[in-house]
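Quick caveat, the model's predicted, so the values are computed rather than measured.
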Amino acid sequence: MSTPSQAPPELVPDESLVIHRVVEPPTSRRQRLVMGLVLVGVGLIAVLAFGVSARSGFDAAFRLSPTDAAVPVPDIVVPARATAIVLGAVVLLLGAWHLVRGFSRRATKWIATIAVVCFIFSFLCWAATGKQDTEIDLLGLMQQTIFLAVPLILGALAGVLCERSGVINVAIEGQMLAGAFLGALAASMAHNLGVGVLAAVFGGGVMGALLAVFSIRYLVNQVVLGVVLNVFALGLTGFAYDMFMKNQADRYNEPGFFGQVEIPLLGDIPVLGPLLFNANVIVYAAYVLLVVIHIALFRTRWGLRTRAVGEHPKAADTMGINVLRVRYRNVILGGLVAGLAGAYLTVGTVGAFSKNISSGKGFIALAALIFGRWSPLGALGAALLFGFADALQTVLSYTQTPVPIPSSFLAMLPYLATLFAVAGLVGRVQAPAADGVPYTKE
């Protein structure tokens, strides 16, 4: 008896060699020209405004380590004017190359990231020439960026859960506001921060349930419904604040806040340790949720069903998926996550509730969701960008720049970044096909 390996060559069946070639579509001519011109313009600004106009003879020092670090990292010191010019020239060359030859579609986002980083450091080099021996706390800037980005990350994740299953969530602001109020109230009354977090998550979940019932059961226009829920949350929490918290803050509005918890060993890693592993529990919860939602959305049956419902609910229904149940479940889950973002605003940071404490963060999270193309990791990048724009105004407020920058302009930076990101940089994005489309089973 002969085995297949011992069979004569003429008896062995022919094996077909299948070669898969991935053909990447080229970037369109219009998109290439627009992005190339934008990069050239940004590069010229960096070279002329931040480089040529900077004072010569100054150094830019960037601090990367706290003073009490176990493993200190030396500061990065560079000649400010020359570095600003070189970084601007890099952006200029990238733009010129994109105009002439064009980068591939896949490389474009990395080119844009490099250009943004070069532009920011060129600006910081210019800012360092306002006063001799100015030191920019780069580690503090990055810590502040993460600190401010956490509610945006959680809010954007809430939007991902809803909109991937076909329900537009404009009510993130209201869900965060309800969570922030209930978190502060419950933690103050129970003298327990954990209770406050649970109450905040519950409050966000209730707002999510309202969104689900009215949009899925009663087919109310989802955008209008989201606006109404935001106004409702703003009015209700404002009224309750006046009734309970304003004059009895010691009883109803002094919850305290979570302290920082340094993770052993990981917290001692230079730069990354104090940046990522020395935060409060809500920040760590945001890390976990980010990873879990990303894996669940793209690697599990639940994620496949969610995306199917968001793209083609009729086909999903034909395959036996209960479309309405998936939408109900995901919208309420999104509300729970947004409620956690609200908890971060009170028991996670300042330790008190104030009227309209979310102050538009829900809308910026919605912009991060769109800028991140309805994916958890994309939303993370967008939220960090908006958080950086917010943190930059803090750093610049105590840095003496060569030309004084008005504080009102600095306060406008996050919203300006949001506007450019959604309207200018992101270009055309494709939402889930059935996003905002009600579904009724025939």
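Inter-residue side-chain proximity for V337 and L333 is flagged as unmet; no heavy-atom pair is nearer than 4.5 Å. Side-chain contact check for R164 versus W374: some heavy-atom pair is nearer than 4.5 Å. Residues S215 and L225 meet the side-chain proximity criterion, which asks for heavy atoms closer than 4.5 Å. Side chains of Q144 and F388 form no contact here, defined as non-hydrogen atoms less than 4.5 Å apart. L39 has its side chain within reach of I111: a pair of non-hydrogen atoms, C-beta onward, lies under 4.5 Å apart. Side-chain contact between L99 and V40 is present, with heavy atoms from C-beta onward closer than 4.5 Å. Using a 4.5 Å heavy-atom cutoff, the side chains of E163 and L366 are in contact. Residues L124 and L392 meet the side-chain proximity criterion, which asks for heavy atoms closer than 4.5 Å.
Between A180 and L345 the shortest heavy-atom distance is CB-CB, 4.5 Å. Residues L148 and D390 come closest through the heavy atom pair CD1-CB, 3.6 Å. Of all non-hydrogen atoms in A199 and A186, the two that sit nearest each other are CB-CB, 3.4 Å. The minimum heavy-atom distance linking A200 with A343 is given by the pair CB-CB, 3.5 Å. Counting all heavy atoms, side chain and backbone alike, Q175 lies closest to A338 at OE1-CB, 3.4 Å. Heavy atoms only, all atoms of each residue included: V271 and L139 are closest at O-CD1, 3.9 Å.
To the nearest 0.5 Å, the span separating OG on S358 from CD on E173 amounts to 3.5 Å. Remark: H294 NE2 to L157 CG distance equals 11.5 Å, nearest 0.5 Å. Going from atom CG of L369 over to atom CD1 of I153 covers 13.5 Å, rounded to the nearest 0.5 Å. The CD1 atom of I146 sits 10.5 Å away from atom CG of L141, with the distance rounded to the nearest 0.5 Å. Note: L64 CG to L275 CG = 10.0 Å, rounded to the nearest 0.5 Å. Here CD1 of I269 is found 6.0 Å from CG of L272. Values are rounded to the nearest 0.5 Å.
No side-chain donor-acceptor contact under 3.5 Å links N278 to the backbone of G267. Side-chain atoms of T349 come within 3.5 Å of backbone N or O of Y344 as a donor-acceptor pair. In this structure a side-chain-to-backbone donor-acceptor pair under 3.5 Å is present from R307 to L297. With hydrogens and angles ignored, the 3.5 Å screen pairs a side-chain donor or acceptor of T237 with a backbone N or O of A233. A side-chain donor-acceptor contact under 3.5 Å links N230 to the backbone of V170. Panel note: side chain S65, backbone P72; no donor-acceptor pair is recorded below 3.5 Å. Here the side chain of R81 pairs no donor or acceptor atom with the backbone of R55 at under 3.5 angstrom. The backbone N or O of G303 lies less than 3.5 Å from a partner atom in the side chain of T300, making a donor-acceptor pair. Of the possible polar contacts, one joining the N280 side chain to the I282 backbone as a donor-acceptor pair under 3.5 Å is found.
For E135, the salt bridge (Lys or Arg N to Asp or Glu O under 4.0 Å) test picks out R63, with sequence neighbours left out. Residues satisfying the side-chain hydrogen bond (donor to acceptor under 3.5 Å, both in side chains) criterion with N330, sequence neighbours excluded, are W302, T306. Judged as a salt bridge (Lys or Arg N to Asp or Glu O under 4.0 Å), and not counting sequence neighbours, the contacts of K355 are D242.
Using the six-membered ring where Trp is involved, W97 and F103 have ring planes that are tilted, between 30° and 60° apart.
For F239, the CZ atom counts as loosely surrounded, since its 6.0 Å shell holds 12 or fewer non-hydrogen atoms of other residues, nucleotides or ligands. Enclosure of atom CZ in F214 is not indicated, since only 12 or fewer non-hydrogen atoms of other residues, nucleotides or ligands lie within 6.0 angstrom.
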If you apply the rule side chain to side chain contact (heavy atoms under 4.5 Å, CB included), what do you find for V283 with Y287, and how did you get there?
CA-CA 6 Å; V283 178; Y287 295 165; 3.6 Å; yes
Applying side chain to side chain contact (heavy atoms under 4.5 Å, CB included) to D435 and I168, what does each step give before you reach the verdict?
CA-CA 6 Å; D435 193 15; I168 296 176; 3.4 Å; yes
T83 and L87: CA distance, side-chain angles, deciding distance, side chain to side chain contact (heavy atoms under 4.5 Å, CB included) verdict
CA-CA 6 Å; T83 304; L87 292 174; 3.9 Å; yes
Would F258 and V197 count as a side chain to side chain contact (heavy atoms under 4.5 Å, CB included) here? Give the steps.
CA-CA 10 Å; F258 288 105; V197 171; 3.6 Å; yes
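Applying the ring pair (Phe, Tyr, Trp, His ring centres under 6.0 Å) rule to pairs touching residues 28-80 yields F50-F119, F50-F123, F50-W126, F62-F121, sequence neighbours excluded. Applying the ring pair (Phe, Tyr, Trp, His ring centres under 6.0 Å) rule to pairs touching residues 186-207 yields nothing, sequence neighbours excluded. Identified under the salt bridge (Lys or Arg N to Asp or Glu O under 4.0 Å) test for residues 244-257, with sequence neighbours left out: none.
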